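Note that the structure is predicted; figures quoted are calculated from it, not measured. Every chain is numbered from 1, with letters handed out A, B, ... down the list of sequences.
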Amino acid sequence: MNEPLVLGIETSCDETGIGIVRGRTLLSNTIASSMDEHARFGGVVPEVAARAHLEALQPSIDAALAEAGVRLDDLDAVAVTSGPGLAGALMVGVGAAKGLAVSLGKPLYAVNHLVGHIAADILTPDAEPLEYPTIALLVSGGHTSLLHVRDLTTDVELLGETVDDAAGEAFDKVARLLSLPYPGGPEIDRAALDGDPNAIRFPRGLSRASDLAKHRYDFSFSGLKTAVARWVERYEADPATGATAIPVADIAASFREAVVDVLVTKALAACADLGVPRLLLGGGVIANKRLREVALERAEAAGVTVRIPPLSLCTDNGAMIAALAAELISSGRRPSTLAFGADSTLPVTEIQVAEAVPA
Amino acid sequence: MILAVDTSLGTAVALIDADGTRRAEATTTDPLGHAEVIGVLLAEVLSEAGPGDITHVVAGMGPGPFTGLRIGIAAARTFALGRGIPVVSVPSHLAAALTTLETVTGPFAIVTDARRREVAITVFEGTDADGIPHVVSDTVLVKAVDADAHLDGIRRVDVASFSAADLARVGASALAADRTLTGDEPLYMRHPDVTMPGAPKKVGS
Ligand SMILES: [Zn+2]
C-alpha cells in the first residue's frame with residue numbers, strides 16, 4: 001500500500017478537524033471551530049468544546065468526503081488523535097473513530113497530536129521532503145513544545161515545553177487584560193501595529209543563567225503575563241500617568257516581542273547545541289506574523305533553514321493526523337488495537353498508541 | 001438487525017433482530033473507561049451476532065454525566081455513517097423502564113446517578129399504544145438526599161446500568177410507530193459552564 005487513503009479525526013481542543021489524505025497528498029482539510037462559543041469565557045471551556053465536537057463530527061466527515069471526492073468504503077484506514085489534549089474533547093474523537101473503523105472493518109491508527117503537527121509539513125504542496133534531524137517548535141493555545149525530530153514515525157524527542165501557560169494562552173490572557181476580545185493572538189497583533197516593541201522590557205521566562213541550567217529548552221509565560229498586569233497596575237496607580245489611557249499599542253508590541261524573542265532564542269539554541277541546521281514551525285500561533293518574521297531573520301543569520309507549513313495546516317486539523325497515519329502505514333506499522341483511550345498527557349515519544357503485536 | 005449503543009452509565013452494546021430477539025450483547029458497568037472499551041464491545045457484538053444486515057443504530061441519549069455519554073453517541077453516529085444507515089435517538093431511561101416493566105406494575109421511578117450528588121429521575125407507568133414505556137413525568141435532576149421526598153412514595157428503581165437490548169427494542173418500537181423520542185442533543189441536563197472550576201482564571205492571579 002504505497003499511497004494509503006486515510007481519514008483523520010482530530011478533536012484535542014476546540015477544532016473538530018476531519019482530514020483526508022492519499023499518502024502525502026492532501027485531499028481535504030475540513031475544520032469546524034467552536035472558538036466563538038468560548039469567546040465570552042475568554043478561553044476554551046472543555047465541556048463547551050466537547051459538546052461542539054459531537055455536533056460537528058458527522059457534518060464535517062460528510063463535508064470532507066465530498067471535498068475529497070472519495071467514499072468511506074474507499075478508505076484504507078481511519079486515524080485519530082489519542083492525545084495530548086483536553087480529555088473530554090479527545091474522547092469524542094476516539095469514540096467516533098472506533099465507531100467508524102469497526103463499522104467499515106478498516107484498520108485504525110491512534111496517533112500523537114504533537115507529532116501530527118510535524119507531519120503537517122509533508123502535506124505542503126511541492127515541498128522538498130522533510131530532512132532529518134530537525135528541531136520543531138510547536139506553539140498554540142494548548143501547547144508550547146520544542147522537539148528533536150530524528151524520524152517522524154520512530155524517533156521524536158521532547159527537548160522542552162512550557163512549565164505553565166501555553167504561548168497562545170498568554171496572548172489570550174494579556175488580550176483580556178488590555179480589554180481586547182478573544183482569541184487574543186490576532187487582537188494583540190492588530191493592537192501592536194503602531195506600538196514600539198522596545199518600549200517596555202518585559203521579562204523573558206526561564207532565560208536567566210540560573211534557569212537555563214535546568215530549563216534550557218523549557219518555556220514559562222505565566223510570569224510574563226503577571227509582569228504585564230503589574231505594569232498596567234503601576235501605570236494606572238501613578239498620579240503622573242494614571243489619568244491617561246494605558247499605551248495599549250506599546251504594551252501589546254512589547255509583550256509580543258518578549259514571547260517571540262524567547263520562543264525563537266530557545267529554538268535556535270537547540271539548533272546550535274544539537275548541530276541541527278533545520279527548524280520546523282507548527283501550531284496555530286505560527287499565524288503570528290511577527291513570530292515568523294523574527295524566526296526567519298534570526299534563523300538566516302544563524303544558518304538555519306526554516307520550514308513553515310501552510311497556515312491552514314498549522315492550526316489543529318485532521319489532515320495532519322491522517323498524514324502521520326499514512327506515514328506509519330507506509331513504513332509498515334500495524335494498526336492500533338481497539339483498546340486505547342484518550343490520553344490528555346500522552347508523551348511525544350509515543351508517536352502511535354497501542355500498536356497491535358503480531359499474532 | 002438493530003444495533004444499540006449506550007454510554008450514559010456503563011458501556012452497553014447490543015444487536016437485536018427486527019422482531020426484538022436478542023442476537024448479541026456486551027456490557028461493562030464501569031462508569032469510566034467508555035472510550036477504551038467502546039470499540040472492543042462493538043467488535044465483540046458484531047462477531048457474536050454473525051452475518052446479517054444492520055438496518056438502524058439506536059443511540060442512548062442519556063441523561064448521564066457528560067464525558068462518557070458523548071462517546072457512545074459519537075460511536076453510534078459514525079457507525080451508522082459507515083454503513084449508510086439512520087440513527088434513532090432514544091432517552092436511556094426508556095430502556096431501564098422497559099426492563100423494569102417485566103416485573104413491575106403501577107407507577108415507578110427510574111433513578112440514575114448524575115454525579116455532583118444529584119440523581120436523574122423519570123417517572124413511568126405501563127406502556128403506550130406503541131409499546132413504549134409511558135412517561136408520567138419528565139426527567140429531572142434532584143439532589144440525591146432529596147430524591148425520596150421528591151418521589152413521595154412512588155416506587156423507586158435505582159439503575160446502575162442500562163440494557164442495550166432494551167434500548168434497541170424501544171428504538172424498534174419508535175421506528176415501527178414512526179415516532180421521534182428525543183432530538184439530536186444529548187440529555188446533558190446541565191449547562192456546559194457548570195463544569196468550570198469557578199470562572200476562568202483572572203489574569204495576575
Ligand atoms: Zn495543536
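One finds a salt bridge joining Arg70(B) and Glu47(A) here, because a Lys/Arg side-chain nitrogen approaches an Asp/Glu carboxylate oxygen to under 4.0 Å.
With rounding to the nearest 0.5 angstrom, the CD atom of Glu55(A) is 11.0 Å from the CD1 atom of Ile73(B). Of the inter-residue distances, the one linking Glu36(B) atom CD with Leu338(A) atom CG reads 12.5 Å to the nearest 0.5 angstrom.
Between Arg77(B) and the options Leu57(A), Ile61(A), Leu54(A), a side-chain contact (heavy atoms from CB on, under 4.5 Å) holds for only Leu54(A). Checking each of Thr78(B), Leu42(B), Leu41(B) against Val102(A) for a side-chain contact (heavy atoms from CB on, under 4.5 Å) leaves exactly one that passes, namely Leu42(B).
Counting heavy-atom pairs closer than 4.5 Å to chain B, the top residue among Met91(A), Arg51(A), Gln58(A) is Arg51(A). When the candidates Gly341(A), Ala96(A), Ser222(A) are compared by the number of heavy-atom contacts under 4.5 Å with chain B, Ala96(A) comes out ahead.
Side-chain contact check for Ile38(B) versus Val94(A): every heavy-atom pair is 4.5 Å or farther apart.
Within a 6.0 Å sphere centred on CG of Asp238(A), other residues, nucleotides and ligands contribute more than 12 heavy atoms. Under a cut-off of 6.0 angstrom, the local environment of CG in Asp73(A) is crowded, with over 12 non-hydrogen atoms contributed by other residues, nucleotides or ligands. Within 6.0 Å of CG on Asp19(B) lie more than 12 heavy atoms contributed by other residues, nucleotides or ligands.
Judged by distance alone, with hydrogens and angles left aside, the side-chain atoms of Lys98(A) form no donor-acceptor pair with the main-chain N or O of Val37(B) at under 3.5 Å.
The heavy-atom pair separating Leu81(B) from Leu72(A) by the smallest distance is O-CD1, 3.5 Å.
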